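Worth knowing before you read on, the calculation uses all heavy atoms, side chains too, and leaves out hydrogens, waters and symmetry mates. These figures come from a predicted structure and were not determined experimentally. Every chain is numbered from 1, with letters handed out A, B, ... down the list of sequences.
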Amino acid sequence: MKEEIYEKIISLAKRRGFLYPSYEIYGGESGFYDYGPLGTLLKNNIENKWREFYVIGEGFFEISTPVITPYDVLKASGHVDEFIDEIVTCKKCGASFKKEDVAGKCPLCGSEEMVEGKLNLMFETRIGAKKQEMAFLRPETAQGIFVDFPFLYEFFRKKMPFGVVQIGKGFRNEVSPRQGIIRLREFSMAEAEIFFEPDEKSHERFEEIKKEKLTLLTMDDEEMVMEAGQAVEEGIVGSEAMAYYLVLTHRFLTSVGIDKGRIRFRQHKREELAHYARECWDAEIFSERFGWVECVGIADRSAHDLEAHMKATGVDMRAFKKYDEPRKVRRRITKPKMNLLGRDFRKKAVKIAEELKKVDVDGDMENVTVNIDGEEMKIGGEYFEIVEEEVVESGKKFIPHVIEPSHGIDRIFYFILEHNYRETEKEGERYVLLSLPPSMAPIKAGVFPLVSKDGLPEIARNIERILRKRGIMAFYDESGSIGRRYARMDEIGTPFCITVDYQSKEDNTVTIRFRDTTEQVRVKIEEVPEWIEKRL
RNA sequence: GCGGGUGUGGUGUAGUUUGGUAACACAAAGCCCUGCCACGGCUUAGCCCCGGGUUCAAAUCCCGGCACCCGCACCA
């Protein structure tokens, strides 16, 4: 079964409307998948559960920003330069290869005229018909949040820490997308960016989670099961905040139906850290088919992104923290001697003086180099004096640090199917059921008349209607034998089946059957919606 | 991107060696039957990945493309 589990799930997913290969009637396109009717319901359930955790549970706010991202934004963030593969192209025949695969000669035509180039993993596009501004489809949703930081900081009334989330599509033009839905060129991600004061990465709800045990695989390839609190104490996990989001991620994954015995957190080694990350833990999920696969990346991005955007635009991305008490600070500053500067530098004197004031005083300085209109100038010590002064500071400015849990929705989607796929024998036949958590199931209740006559269908249809009115996804079915209808619902993970029988006509009750045990209970029709709501 | 393999109803397969009316099971739709777990009866619809070539004739042979699978490489 191990080898075929993927095939079985993809086959089930296609047959029952969870997933379709995109553009299949045109031969298909590698790296793209469609979510079918049931798949879309399940995916929405995952995303809504994620919102329950991050928006409701954590008090973060969700925003929505464009997929198309101007060149300058991703240049500043480092993606234009860092998000690349090195390639070489043959001048003679035009073929391209990865640089490390080629030893000077073109493998196809033998030509030695090879041009080095870079293949960026981002999809390029253009904005506007005339101007043709260069742009990309975003490789992550995060940048949309970072560039809105000044608005968001204002929105949160300048209180730190705060979190902003986004669920949306990201795009990476993978060189060779294999593994179906595990490696897509267009994929859904749910990202949270939590802004902290630097070095204040404690977490106010750390107490709630510090006893929770996590499986950790550290940078040094040591695997251990450890309480979150201890991991922070021992310096294995860098901050309380990081540990908090590891636990939160673990809770989220198990609540959507990932088997808790098949989750571990693997720390990135230094050389594999993305260009923006200082510490990163991946939540990996074990797959019979693919082994351990990264599904959530939890990265400490430090001040990287805000700093980069501040540098590129000049917009102040700093936050301000007021001290409890204003502090008197003694500091040493340079005090320009204007009379000498004016005498010797004339018109430039004012600018030089401004630059001099910005210089950090470090010991006794004999001279200071300043940059005036692009010109480096060495200003001798005779032009300024160093004085000690006392100033009152009411607070400090800083560029916030960011911790980012980033969830790959499509991978989680697949692993939910894999972890909940159950196969048994029923009278010699293969019998399949999806043991999804009820809250994830695309359809919550099947509603059947035991036989399609004697007024039973009418009663059943009415129950279906009532459930739908209450916002419960229900599905009416009267075709085939009752066993067949149960089987159809089991295969798509429907947790409850409601059957109207002859007794229903007498006492207004129905049976409710449980997917995983096939046990039945009898419930009054009027109580059915509430009965189901309680169990979702 | 390289090497190997595969591509037949919705799904899973047979047929390809040796070119000649494409088969089976399950699933699906309709009607009947039916007092609770896919297993009754009748009926229906639906398939040779795409393009080119060889041939009287191609699912079958050849070439190209695409997709999927395995390995290598790559990627977070």
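Aromatic ring centres of A:Tyr6 and A:Tyr414 lie closer together than 6.0 Å. The distance between the ring centers of A:Phe286 and A:Trp292 falls below 6.0 angstrom. Ring-centre distance between A:Phe514 and A:Trp531: below the 6.0 Å cut-off. A:Phe136 has its ring centre no less than 6.0 Å from the ring centre of A:Phe171. Annotation: A:Trp50 is in aromatic contact with A:His407 [ring centroid separation under 6.0 Å].
Nearest to the side chain of A:Glu294, among B:A76, B:G35, B:C69, sits B:A76. Closest contact between the side chain of A:Ser479 and the listed nucleotides B:G35, B:A29, B:C36 involves B:A29. Closest to the side chain of A:Tyr502, out of B:C36, B:G35, B:A76, is B:G35.
Using a 4.0 Å heavy-atom cutoff across all strands shown, A:Arg485 reaches no nucleic acid atom at all. If you check every strand for non-hydrogen atoms under 4.0 Å, A:Thr518 touches a base. Counting any heavy atom pair closer than 4.0 Å across all strands shown, A:Asp282 reaches a base atom.
Of the N and O atoms on the side chains of A:Glu240 and A:Tyr245, not one donor lies less than 3.5 Å from an acceptor on the other residue. Looking at A:Lys49 and A:Ser255, their side chains never bring a donor and an acceptor atom within 3.5 Å of each other. When only modelled atom types and interatomic distance are considered, A:Thr141 and A:Glu191 share a side-chain donor-acceptor pair under 3.5 Å.
At a cut-off of 3.5 angstrom, counting only N and O atoms as typed in the model, there is a donor on one side and an acceptor on the other between the side-chain of A:Arg266 and the base of B:A76. For A:Arg484 and B:C39, a side-chain-to-base donor-acceptor distance below 3.5 Å is absent, hydrogens and geometry of angles not being considered.
Using atom C1' as the reference point in both B:U60 and B:A22, the two lie 11 Å apart (nearest Å). Separation of the P atoms belonging to B:G9 and B:G4 is 26 Å when rounded to the nearest angstrom. The P atoms of B:C50 and B:A59 are separated by 11 Å, rounded to the nearest whole Å. Nucleotides B:U16 and B:G7 are separated by 13 Å at their C1' atoms, to the nearest Å. B:C26 and B:A38 have their P atoms separated by 14 Å, with the value rounded to a whole Å. Annotation: B:U55 and B:U18 have their C1' atoms spaced 16 Å apart (nearest Å). Spacing between B:G20 and B:A29 at atom P, rounded to whole Å, works out to 36 Å. Atom name C1', nucleotides B:A57 and B:C32: the rounded distance is 46 Å, in whole Å.
Counting to the nearest Å, the P atom of B:A76 and the CZ atom of A:Arg264 are 18 Å from each other. A straight line from CH2 of A:Trp292 to P of B:A76 spans 21 Å, rounded to a whole angstrom. Rounded to an integer number of Å, the gap from CZ of A:Arg16 to P of B:C26 is 17 Å. Rounded to a whole Å, the CD1 atom of A:Ile285 is 15 Å from the C1' atom of B:A76. Spacing between atom CD1 of A:Ile5 and atom P of B:C69 amounts to 15 Å, rounded to whole angstrom units. Counting to the nearest Å, the C1' atom of B:A76 and the CG atom of A:Leu184 are 14 Å from each other. B:C70 atom C1' lies 11 Å from atom CD of A:Glu7, rounded to whole Å. Atom pair A:Leu450:CG and B:C33:C1' shows a separation of 13 Å (rounding to whole Å applied).
Ionic pairing of A:Glu140 and A:Arg301 is present here: one or more N-O contacts between side-chain nitrogen and carboxylate oxygen are shorter than 4.0 angstrom.
Using Watson-Crick or G-U wobble geometry with both donor-acceptor distances under 3.5 Å, B:G71 finds its partner in B:C2. Base pairing of B:C61: its partner is B:G53, meeting the Watson-Crick or G-U wobble criterion (both donor-acceptor distances under 3.5 Å). With a 3.5 Å ceiling on both atom-pair distances, the Watson-Crick or G-U wobble partner of B:A29 is B:U43. Checking B:G12 for Watson-Crick or G-U wobble geometry (two distances, each under 3.5 Å) identifies B:C24 as its partner.
Using a 4.0 Å cut-off on heavy atoms, the residues of residues 520-536 of chain A that approach RNA chain B are A:Gln520, listed by number. In the region residues 409-418 of chain A, proximity to RNA chain B at under 4.0 angstrom, judged on heavy atoms, holds for none of the residues.
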**OP:** Carefully, step by step, assess A:Ser435 and A:Asn420 under the rule side chain to side chain donor-acceptor pair (under 3.5 Å).
**Re:** CA-CA 5 Å; A:Ser435 198; A:Asn420 291 285; 5.0 Å; no
**OP:** Please assess A:Asp516 against A:Arg422 for the test salt bridge (Lys or Arg N to Asp or Glu O under 4.0 Å), listing each intermediate value before the final yes or no.
**Re:** CA-CA 10 Å; A:Asp516 297 338; A:Arg422 308 269 179 278; over 6 Å; no
Original post:
Taking it one step at a time, do A:Glu491 and A:Arg485 satisfy salt bridge (Lys or Arg N to Asp or Glu O under 4.0 Å)?
Top reply: CA-CA 10 Å; A:Glu491 200 181 19; A:Arg485 284 175 264 162; over 6 Å; no
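Listed by chain and number, the residues in a salt bridge (charged side-chain N to carboxylate O under 4.0 Å, His left out) with A:Lys269 are A:Asp221 (sequence neighbours excluded). With sequence neighbours excluded, no residue forms a ring pair (Phe, Tyr, Trp, His ring centres under 6.0 Å) with A:His401.
Phosphate proximity of B:C36 to A:Tyr486: absent, as no side-chain N or O sits under 4.0 Å from OP1 or OP2.
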Enumerate all atom pairs, one protein N or O and one N or O from nucleotides 3-11 of chain B, separated by less than 3.5 Å.
unit_1 : atom_1 : unit_2  : atom_2 : d
B:U11  : OP1    : A:Lys14 : NZ     : 2.9
B:U11  : O3'    : A:Ser11 : OG     : 3.2
B:U11  : O2'    : A:Ser11 : OG     : 3.3

Quick one: which protein N/O atoms are closer than 3.5 Å to N/O atoms of nucleotides 64-67 of chain B? Pair and distance per line, please.
unit_1 : atom_1 : unit_2  : atom_2 : d
B:C66  : O2'    : A:Gly27 : O      : 3.2
B:A67  : O4'    : A:Gly27 : O      : 3.2

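Closest-nucleotide positions on RNA chain B for A:Phe290 and A:Glu174 were compared, and the one nearer the 5' end corresponds to A:Phe290.
Judged by a 6.0 Å distance limit and a 45° cone about the ring axis, A:Arg513 is positioned over the six-membered ring of A:Tyr486.
A:Met219 places none of its side-chain heavy atoms less than 4.5 Å from the side chain of A:His268.
For the side chain to side chain contact (heavy atoms under 4.5 Å, CB included) with A:Met226, the lone residue among A:Val232, A:Ile236, A:Leu214, A:Val237 that qualifies is A:Ile236.
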